[in-house]
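The structure appears below as structure tokens.
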Protein chains: 2
Amino acid sequence: MVNSIERRSGVSLWRQIADQILHSIAIGDFAENAALPPEMALAERYGVNRHTVRSAIAALVQEGVLRAEQGRGTFVLSRKRLSYPIGTRTRFSAGLQGQASERRSVLLEAAVEPASRRVADALSLARGSEVIRLEVRGEADGRPVSRATSWFEAGRFSGIDAAMAETGSVTASLERFGVSDYLRQSTVLSARHADAADLADLDLQPGAIVLVTVAVNVTPDGQPIQFAETRFPAERVELKLSAL
Amino acid sequence: MVNSIERRSGVSLWRQIADQILHSIAIGDFAENAALPPEMALAERYGVNRHTVRSAIAALVQEGVLRAEQGRGTFVLSRKRLSYPIGTRTRFSAGLQGQASERRSVLLEAAVEPASRRVADALSLARGSEVIRLEVRGEADGRPVSRATSWFEAGRFSGIDAAMAETGSVTASLERFGVSDYLRQSTVLSARHADAADLADLDLQPGAIVLVTVAVNVTPDGQPIQFAETRFPAERVELKLSAL
DNA sequence: TATAGTTGTCTATATCAATAGACAAATTTT
DNA sequence: AAAATTTGTCTATTGATATAGACAACTATA
């Protein structure tokens, strides 16, 4: 595995090194609870000055990934990335058993709007039809692990915002509207830098990367009911694709 | 959709703006072949100096996403992101029909090595067993769209590097070893900044983001045959999850 | 206790990133 | 032809990033 660093890239060296340390932890190169190599050793490995390594470590300490102790060393805190299952029957809470003791969804915002072309196409509605937009944050053990924007047809699902606020669950809310089962029709995956809103809502450090899923949920007979874009912080979450 | 910018983040403003412009193109905010808003307008929208916007545009021109014409404007070149299908029967070339007229895999490197813990676990081998590592680049219409590192048990698949170089296909190479069918046992998805090797192999600009899949392929009776980590440039590729 | 090894802090300097303003060059519109 | 619009180039200045070196503070070990 090549570890290397690009200069004048628009991404500062300390941020690149922080990313690589995170990656090394994720793939098991740096064991949890163990000491990181000394700053001087890291500086040599990455071919940078010790102070640059210190900036990277400071960022990771700030993020709660590392703990530095003067005279002793810098240690990896044990926080595994959440492995989030994704498939045709993905639900937020299902499948996270054992990985987090406390999970919940928080409704941040709800609004009724005319559908953009993108949303209208996905839900098979006329352009400009009214849709309900929900902004929801997913948390596991108090840490934000997802940030979803979803759209529902306003006519059929009027009041789903209240149901969502009350139940904290999309599945439970949909049941109130007679949707007892639904499937993922399609999921498209991409990745990008977190924007300012995601940084705030997901409690991320600037420069963080988010995984983005864009999905359409349908009833078993193929009727689209929900269109959703969900952002997952790449440093905390990996997506595990489940067959079927 | 909130467009905003973070300062002193370790990611330069021009890089963040370049990312947002890419994103805007991807979701259709800036139509293809159409003119981007003038530099001054973009500078206002993002709350930065015009020169900073120019740096972002220069990077995207360099990447072949935009074309700037003095006196006229800056234009979006039409290059859709490749939608790469992924599921339990994913093959590199299958499913890309119609999106790219010419596809191929290039073997960059092959080596026999002792298995790391990660590789040995995935392939159900003893630690330190010999494995063959293949480094392969996927191309579509001459553009690099994937970069895979895969491992095979050395005993069973001795010579697969030659087969791969000859056929340019993992599926065809495996057939020579009596593997007529295989499935994805598991796929785990994450994202990070491209490292130096990927930047070079995928012809990316520094600071680019890659989608990373880590997958185990098994025979229909569950025997692991291939462990692979594949990096996809997020600016060129999205992953479309196919049910089953 | 003395020594080596490690993180923490300070100063200084050089380079990159970002802002600011002015004007040139090319194109389109009036 | 003239004016307005837009990209291209230049100079100058400020702040963030990165390097370099020295030494303090703390810990573990010989």
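Numbers restart at 1 for each chain; the letters A, B, ... are given by sequence-line order, proteins then strands.
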Next on the checklist: Under 3.5 Å, is there any donor-acceptor pair linking the side chain of A:His51 to the base of C:dG8?
Outcome noted: no

Next on the checklist: Need one value for B:Thr74: base, sugar-phosphate or nothing, where a base atom within 4.0 Å counts as base even if backbone is also close, heavy atoms only.
Outcome noted: sugar-phosphate

Should [X] be listed as having a side-chain N or O under 4.0 Å from OP1 or OP2 of [N]?
X       : N      : value
A:Arg72 : D:dC26 : no
A:Thr52 : D:dT19 : yes
B:Arg50 : C:dA20 : no

Would you mind reading off the distance between [X] atom [atom1] and [N] atom [atom2], rounded to a whole angstrom?
X       : N      : atom1 : atom2 : value
A:Leu42 : D:dA18 : CG    : P     : 16 Å
B:Gln16 : C:dA18 : CD    : C1'   : 13 Å
B:Met40 : C:dT19 : CE    : P     : 12 Å
A:Leu13 : C:dT15 : CG    : P     : 15 Å
B:Glu69 : D:dT7  : CD    : C1'   : 10 Å
B:Arg54 : D:dC10 : CZ    : P     : 11 Å
A:Trp14 : D:dT19 : CH2   : P     : 14 Å
A:Leu66 : C:dT7  : CG    : P     : 11 Å

Please determine if [X] and [Y] form a salt bridge, counting it only when a charged side-chain N lies under 4.0 Å from a carboxylate O.
X        : Y        : answer
A:Glu109 : A:Arg137 : no
A:Glu139 : A:Arg236 : no
B:Glu229 : B:Arg118 : yes
B:Arg192 : A:Glu235 : no

Checklist outcome for this item: Whichever of A:Gly71 and A:Ser55 has the more 5' nearest nucleotide on DNA chain D, that residue is A:Ser55

Next on the checklist: Closest approach to the side chain of B:Glu39, judged atom by atom: which nucleotide of D:dG8, D:dT6, C:dT7 is it?
Outcome noted: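 Given the options D:dG8, D:dT6, C:dT7, the side chain of B:Glu39 is closest to D:dG8.
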
Next on the checklist: Under 3.5 Å, is there a donor on one side chain and an acceptor on the other for B:Glu238 and A:Ser190?
Outcome noted: no

